[in-house]
Structures are given as C-alpha cells and as structure tokens.
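Some notes on the structure that comes next.
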There are 2 protein chains.
Amino acid sequence: MRRQGILPEEPFSSLRPLFHPQSIAIVGASQDPKKWGFHLLLNAVKGGYTGRIYPVNPREKEILGFKAYPTVAQIPEPVDQVILVVPPSDTLRVLQECGRNGAKIGVVITAGFGETNQDGKKLEEEMVREARSLGMRLVGPNCQGIVSTGSVRLYAHMPPQFPESGPLGVVSQSGNLATSIIELANPMYLGFSRIISSGNEADLQTADFLEYLAEDPQTKVILSYLEGIRDGERFIRTVKKVSSKKPLVMLKAGQTEAGVKAAFSHTGALTGSDNLFDGLGQQTGIIRSQTIEEMIDIAAALLSQPLPRGRRVGLLTLGGGWGVLAADYCAQAGLILPDLSKEMVKTLDKILPPWWNRINPIDMVAGYRKGDLIQSLELFLRSKQFDGVLMLGLGWRVVRGGFLRASAPTPQHEMEAAGRDWIEEEQKIFSDVLDLGRRYEKPILLASDMVHLVPGFAESMRSRQVAAYPSLHRAVRAYLGLVERYEVLQRKLKK
Amino acid sequence: MRRQGILPEEPFSSLRPLFHPQSIAIVGASQDPKKWGFHLLLNAVKGGYTGRIYPVNPREKEILGFKAYPTVAQIPEPVDQVILVVPPSDTLRVLQECGRNGAKIGVVITAGFGETNQDGKKLEEEMVREARSLGMRLVGPNCQGIVSTGSVRLYAHMPPQFPESGPLGVVSQSGNLATSIIELANPMYLGFSRIISSGNEADLQTADFLEYLAEDPQTKVILSYLEGIRDGERFIRTVKKVSSKKPLVMLKAGQTEAGVKAAFSHTGALTGSDNLFDGLGQQTGIIRSQTIEEMIDIAAALLSQPLPRGRRVGLLTLGGGWGVLAADYCAQAGLILPDLSKEMVKTLDKILPPWWNRINPIDMVAGYRKGDLIQSLELFLRSKQFDGVLMLGLGWRVVRGGFLRASAPTPQHEMEAAGRDWIEEEQKIFSDVLDLGRRYEKPILLASDMVHLVPGFAESMRSRQVAAYPSLHRAVRAYLGLVERYEVLQRKLKK
C-alpha cells in the first residue's frame, strides 16, 4: 500500500476556510429530497449559515430558492469551501473546476474510495494529488461533513442536527459517532464549537484538526473518536502539544481483532496501533474513554469544575446504598476515600443526629435537616485531606415536595406549605453547593436520579456552574477524568 | 456478635400477608406532612391499595380521612401487615400490641438498630425474639417498605413512586437503590410485581424474599441488590434453586474495602463475602451486574427475547462507526463475531450495492434501500453460524423524515411526501424486525439513539416485543446477559 507523503504541520490559518468560510459551494446539490445533496443544502440553509451558498448542479436553475450553477468554475467568486456530493468518478473533474474557481478547501462527502478496494484507494490518491497541485486541502472522503457554530452557523453535515454553540470541539473518524456525541450532549446541556467528521482522512488527518482546535478560542475541551492513525509519530507529537493546551478526551476503537477488522472495512483505517496507544496514553496526555457517554460526562466535569489536586474524594450521600455503591466505584477507579479525621468526627457529632455513620461516605440518611448537609459538605471542602467531593441523591425532596403539593386537598392545606418548603430547601441547598464549590475551588460532582428536577438546574448546567449525572458510575468516571487531567498537567510541569 | 438462629426455609404462604394483605396498619401514622408516618400512609392511599387501612396514633382521631386507632390492639380485626414508623425504643411495646391484635407480619421502617452500635444490635435481636414468640415475621428494620402491584396495589414505601404492574421482582438491601431501579425501569417501559427493601434483615432475609419471588406467578425476572449475606450456605442453596426457575440478576456491593466499610455502616451487613461470590457466580446461576442500569437492561432483554444458543453474534449496522465500536464491545464481553460464510457473501452481493463491506458487522451504510436491511437480517437469522443479532442505528430515517416534513414549504411539496415515506419505511422495517425475531426464535437487540422515535416503539416495548437500548455498550451488555442465562440453563441440564 502506498502512503501519502507527510505534509509539514499546517498553520492554524490554512483551516480557516473550513470553519469560517465566507462562501460555500455544494456540488451535487439536488432537488430530490431523498438525496444527500439535497440534505446537505437543506441543513446548511436551515442551520442559518451566515455566508453565501452556491448549489452546483448542471440540470437545475434553482434549488431551495438558491440560484444553481452548472459547475464550480462558473460561480462568480472564488469560494472558500466546496462540498462534494458527487459519484467518486466525478471527483477529479470537479476538483479541476475548483481549481479554475480558486476554491480553498474541499469536503468530500462521497464514499466508495479507499475503504472499498484497490481501485478506490488509487482514485483517492489521485484525488489528493490533484487537490494539492491546485493548492487545495481536502476533508474526507467518506465523511459526513462539518459543523462550525459561533457567528458562522455552518451546519454542513448529513444529519438534521443543529447543536447549540458551545465549548466542545469534536474530531471523529466516524460520522455516526459524531451524530451520537451530539445527541448525548443534549441532556448534559453541552454545546459545540466545531465538529469534524474526518472520514478516510486521505489528506487532512485527525492531527490537523486537533491542532486547529487547540488554537481555536471557542474550543475548551476536545473530543476525538479514532479508528486508525496514518502517521504515528506526527500523531503523538501533536496530541502531546494539544493536550498541554486543552483537555483531550479520546475514544480509540479497534481495540480488539473484531474491531480492527470492522474499522478497516469502515474507513480503511490502519488500526492495530492499540499497543502504541496503551503504552503512550499517559505520556501523551490523552484522557482515554471507553464510550462516547464517558467522553461527554468527562467534558461536562472539565468544563464546570476546578481540578482536584489528587485522588482523595469525600462522599456525601443522602441514602446509604448510593454511598456503598459509589465507594465501590471510586475504589475500583483508583480514587481514594480517606477516613474522616478525629476533628471532623467531633465536629460532625455536634451537627448530625446521634446515629450518624461516622465514616466516609457520610450518610445524611433520609432525614437530613436544614444546614446539616451544607455544613458537612463544607467540612470536606475545608479539610486538607480531601481533594474534592461526590454528592449523591440531591433532588428527591423536590419529588416529595411536588407530590405533597399535588396531593393537597386544598391550596390552604399544610401539605401545600410543607411541599413548597421542601422544594425551596432543596433549591437553597443546590445553590449553596454551587457557591461552596466556587469558594473552595474544589470539584463537587453530583449524582442523582432526580437532581434535574431542582429548580434552576438547567440554567446552572447550561452556564457550566455544575456537573450533575443521572447515575453513580457516570459521576465517578467523570470525577476520574478530572483527576486524570490534573495528573496530565502535573506531569507536564515536572518535565 | 450473636447471630439469629437459622429458621427452616419458609413456605410460600408465610409471606402472603406481606404481598397480599387484606388489611394494613401504619403505626406512627402522622398528620404532619414532614414525617415519614404521613408519607407512608399517603403513598398507600394514593397508590390505590385495595385492602383496609388502619392508621395508628394515640393523639389523632382521623388521618387523611381514615379513622385513627390509639394502639394496634384496638383495631377491630386482626391485621395482615403492620408497618412500624415509631422510634426504636417503642418497637417492643408496639409488637406486644400486634400480638394482642393477631397481626401476621411486621415491616419495621425505623432506623437506629443494628446498623448503629451494640445497643442497637441488642434491641434488634430482642425485637426479633419478641416477634417470633408472637408468631410474627419481620421485614427490616432500617428499610423503606414494600410494593406489591397486580390486584393488591400496595405502595407502602417511603418515596412517592407508583411503578406500573409488571414482571420484575426486586429485593434490595438498600431502599435508595430500589428507588433508583424503579426510576431506571421507566424509560425501558418495565413494570414491577413486588419490590422489597429488606433493610438490616434482622429476621426475614434476601433468601426468603427470593424464594417467594421464585414462586410468585407475576414475577418473571428477579433483581437483587445485596450488601451482605448472613447465612452463606442457605443463601447459596436458595439462589441455586431460584435461578433454576427464573433469571436472577444480582448486584453485589461491597466489592472493595471502601465498599465493605460503607456497607457495614449502612445496614450492618457482613460483606467481605465477595470471594464466595466470585467463586460461585457461575455455579449458583446468578447473572451478576455492576450497575443497576445493567440490571434493568438485562431484564429488558430477558423479558422480550428468546435466548441465544451460544455466543455467536451477527452485527448489522446502519453506520460504520457504530459497527466498529460494537465489534470491540462484543469481543471484550467474550461474544464471538463469526465471519460471513461464502454463501452469505454471495447472496449479499446480489442484494447490497457493490461497495458493501463484506464482513461481520454488515454495514448497510447510510444509503440502505428498501428490503436490503430485512434481507440481510434474515440471512443472519437463517444461518446456523449465528445465534442472534445486534442491530445498530434504526430510527434515524424517522428523524430525517420528520425534519423533511417540518421543512416542507407547503403540505403539497415533495419534501412532505418524501419525509412521510421515510418514516413509514422505518416503521415497516421495525415491525419486520419484530416479526423475524419471532419467526426464527433468535434474539435481536436494537441499539440506537433514535429508535425510540419509530412510530409504535413505546407499545412494542411495553408489550415486550422488542428490547432496544440508547447506546451500544448497554445493548452489548444486555446481550451478554441473555447468553449468560442460556449458559446457566445449559449447566443445569448437563447435571
């Protein structure tokens, strides 16, 4: 198999036409709502792209209200970005037209190249040679397109997904997984900066996009789904550099023989480089995850919480079983649950009811009283023995309070008042927790089935003041992500 | 530490008053909406309990419209079940009154017994002795109460949760985890038969409840959260018997030192028996899970799918990346992805477009055409090389179709028709998948972000015709649960 020559690292500016295009052309744009060429145009339009759109189709005068051009060459200005949704056999011709137009970058959606057979591979290589001879760079082929939010509002990808603008940058060698990542970010109220489906990476590679995202001011955390690496050395050099600037959370597929085979047939990716990964994970500063859910969960923690300065966690639980299970998960994840100091026990003896459990996790039992919880939390935060806190079960008083109110026979009934009190108390606790986290600069992660019902929850999540998870194991994994990021930065400092 | 004498295994009938009571008394029932004695009564009433309710409180004439009695002894009939929400120091006196009433079984909600200190432990033992001398059995103490659905409609537990009647039986040594299980069952459309929060298990133990659930006709799958085992031998004997009748999915907490300590302070449970567990898992027929999410997911598969007769899975994916990642998860779980036979490849060459990937996972790529998918699925089901199928990504056409329809400028526009077509096609595929599963008696598990949007999805889930998961790893874990159940039954047959 022949390999593309390795290009020198690209400056930030060369990918600007991809993420900040003044104009885009969609070649293969179609009137037929069953064709991808229709969907790409529709999504770009509906997404509210703020630049100029040029559909290219020799058989149409107008598509979705936009004047259609027979070829790229006939577009009246050089376009920044050309999206190709044409059969593989047409791509070389289209690229030549792009050359005549002066287009800067191409996104090849079309599949049927290097991932299929030797002929496809050859065509892919010719396409890249052609593009380079014209001074163009290429994304894809066999990709889903890209998203760039902020003031650009470019949703030039296949699925009808229009995620909010936000701090997450995504590079994915699978379009489907980019799609799933976007879906999973929704319930966590996370938005995106740039989303790149990189496909076969015939020209531009994951490393190029990671470098861009490392410089991109809107991007605060980078997620990367990877099946294969073309140039291992360049890749390692890049991720080291990127992760020294921003957290880089990566899911490497092809960890098993079955996965490797599937990956090869998917993007023609050379996987089997998992050994390289396992050995270098720590040195490169990557935070590795096993599922895309984990990626999103870790991102939500990184984006809202200060980093813990070690692995020592205080557990505060509003129910015994949650504490037991979370203690297991923490220990299994390599987190440390220090015992409470004698002074902490002495202080808590004054605050908590006589039957309190006197260990870490501190179990507030079902009957936590006004102030108990916040005082206990503050003890953890003040103590030098603890680097952060996991808090379990918040929100159930809102459920109970709501049920009381709904069950009250009259609005004047004391059930109404009691219900309202509980909801207000829980809301107060929630806001006190957020305040304490800020004050002590230690991470507090929440895990609860019901925390999302606390009034103000959505706003706090959206403004990244809190990281809350619907289950214990997800919160523990996210917490570990914070620890891993801290340890990455410590290693860099020590060097 | 003294142990309670081991009782002979109980006949099914002795727990009947717990799950099919004609009448219940709530001692410590209160007018005060901030007290648990109020909530237990409110939940029993709002849950629509079909028997007679007797609140007991010497200071009240009437609570929530029910005549209140000063003591249990003054209730005009022997009550089947007495729920105790009184301080620990009052429990012995209340039990003596129960004796005078002729009550059959007691549920001690109150905490502050064996889980706290030696005095509590002593009181707990006295309480059990007293109950036994009166011919009563006890649930708890330090528990959340019980739920029994069907015609009984008894929701006598602390949280305002009223899960639908259904096939899941739950025994949990943690009330909070029972609560979380109920919440997680909701999005999977699973209902419950009996839910027991067993607390400290001073008298009745997990083993007793498991035995009941094994006989209970409404219960089809049993979930058990366990922190500790009092009588290891009895426990092993019981779970062997139970799992030969019904699938038993168990989450054992206290797997780490941190978890063991937390469990001891929670329910006074003697954990540290994890070695016993690890060694005996397979022999006892338990399906072990690590999270309650897994428990629910496995239950959903067991309740809707035939068992696979081996570990060989066919993967059918509507997007490449999903297939790669699922292949990894399958291999990591010990499932086998056989290659496609030459005949299968030959047949698929006629059905699929020329660029199809020719391996397992079969990638239908984004452009699957009418019939392709179902024919490919049927090949897997017909083949003796495959024991079942995982199908990834169904439902996205509904999203696209819906977006087309919503974007159509007029109802007459072809976008409207195209959108409707896609939704109908996806609905047809979904129903064909269900039909094929039934016809070939092989399991088909679905994993997709969007399958829940297919018209008819909720009904199919509720009637247990399908098992669908919002993520790949959850579907793979559930599939492994089916395999594990098959292997349990095979081992039993071989004996």
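Per chain, numbering begins at 1; letters A, B, ... match sequence-line order. For the numbers below, each heavy atom of this structure counts, side chains included, while hydrogens, waters and symmetry mates do not. All figures in this text were calculated on a predicted structure; none of them were measured in a lab.
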Is there a donor-acceptor pair closer than 3.5 Å between any side-chain N or O of A:R311 and the backbone N or O of A:G334? yes
Taking every heavy-atom pair that is under 4.5 Å apart, which of B:P160, B:P361, B:A417 has the most such pairs with chain A? B:P160
Under 3.5 Å, is there a donor-acceptor pair between the side chain of A:Y469 and the main chain of A:D297? yes
Using a cut-off of under 4.5 Å on heavy-atom pairs, state which of A:M450, A:E414, A:Q144 scores highest against chain B. A:E414
Select one option (side chain, backbone, both, neither) describing which atoms of B:H413 are under 4.5 Å from chain A's heavy atoms. neither
Residue part contacting chain A, namely of B:L251, when any heavy atom lies under 4.5 Å: side chain
Interface check, chain B: of A:S407, A:A258, A:A331, most non-hydrogen pairs under 4.5 Å belong to A:S407
Side-chain (A:D328) to main-chain (B:T256) donor-acceptor, under 3.5 angstrom: yes
A side-chain contact here means heavy atoms from C-beta on lying under 4.5 Å apart; do A:L325 and A:Y329 qualify? yes
What residues form a salt bridge (Lys or Arg N to Asp or Glu O under 4.0 Å) with B:D339, not counting sequence neighbours? A:K261
Answer whether the closest heavy-atom distance between the side chains of A:T317 and A:W322 falls below 4.5 Å. yes
One option among A:T291, A:N357, A:L337 has the most heavy-atom pairs under 4.5 Å with chain B, and it is A:T291
Using heavy-atom distances under 4.5 Å, tell me whether B:Q332 contacts chain A through its side chain, its backbone, both, or neither. both
Heavy-atom proximity to chain A below 4.5 Å, by part of B:E257: neither
For the interface with chain B, which of A:Q31, A:Q161, A:R358 has the highest count of heavy-atom pairs at distances below 4.5 Å? A:Q161
Enumerate by number any residue of residues 470-477 of chain A whose heavy atoms lie under 4.5 Å from heavy atoms of chain B; in the absence of such residues, state 'none'. A:H473
Do the side chains of A:D119 and A:L123 get nearer than 4.5 Å, heavy atoms only? no
Look up atom CG in A:N200 and atom CD in A:E115, then write down how far apart they are to the nearest 0.5 Å. 4.5 Å
Exam field: side chain B:Y225 to backbone B:G175, donor-acceptor pair closer than 3.5 Å: no
Counting N and O atoms only, with roles assigned by atom type, does the side chain of A:N360 sit under 3.5 Å from a partner on the main chain of A:G314, one being a donor and the other an acceptor? no
Under 4.5 Å from any heavy atom of chain A - which part of B:F162: side chain
A:H157 side chain vs A:L40 backbone, donor-acceptor pair below 3.5 Å: no
Separation of B:L318 CG from B:D363 CG (nearest 0.5 Å): 8.5 Å
Where does B:K34 contact chain A at under 4.5 Å (heavy atoms): side chain, backbone, both or neither? both
Between B:T179, B:N117, B:L184, the one whose heavy-atom pairs under 4.5 Å with chain A are most numerous: B:T179
Leading residue by heavy atom contact count with chain B [cutoff under 4.5 Å; candidates A:H39, A:E293, A:Q290]: A:H39
Segment of B:T116 engaging chain A (4.5 angstrom heavy-atom cut-off): side chain
Looking only at heavy atoms and a cut-off of under 4.5 Å, which of B:A327, B:P33, B:G402 has the most pairs with chain A? B:P33
Side-chain donor/acceptor of B:N43 to backbone N/O of B:P159, under 3.5 Å: yes
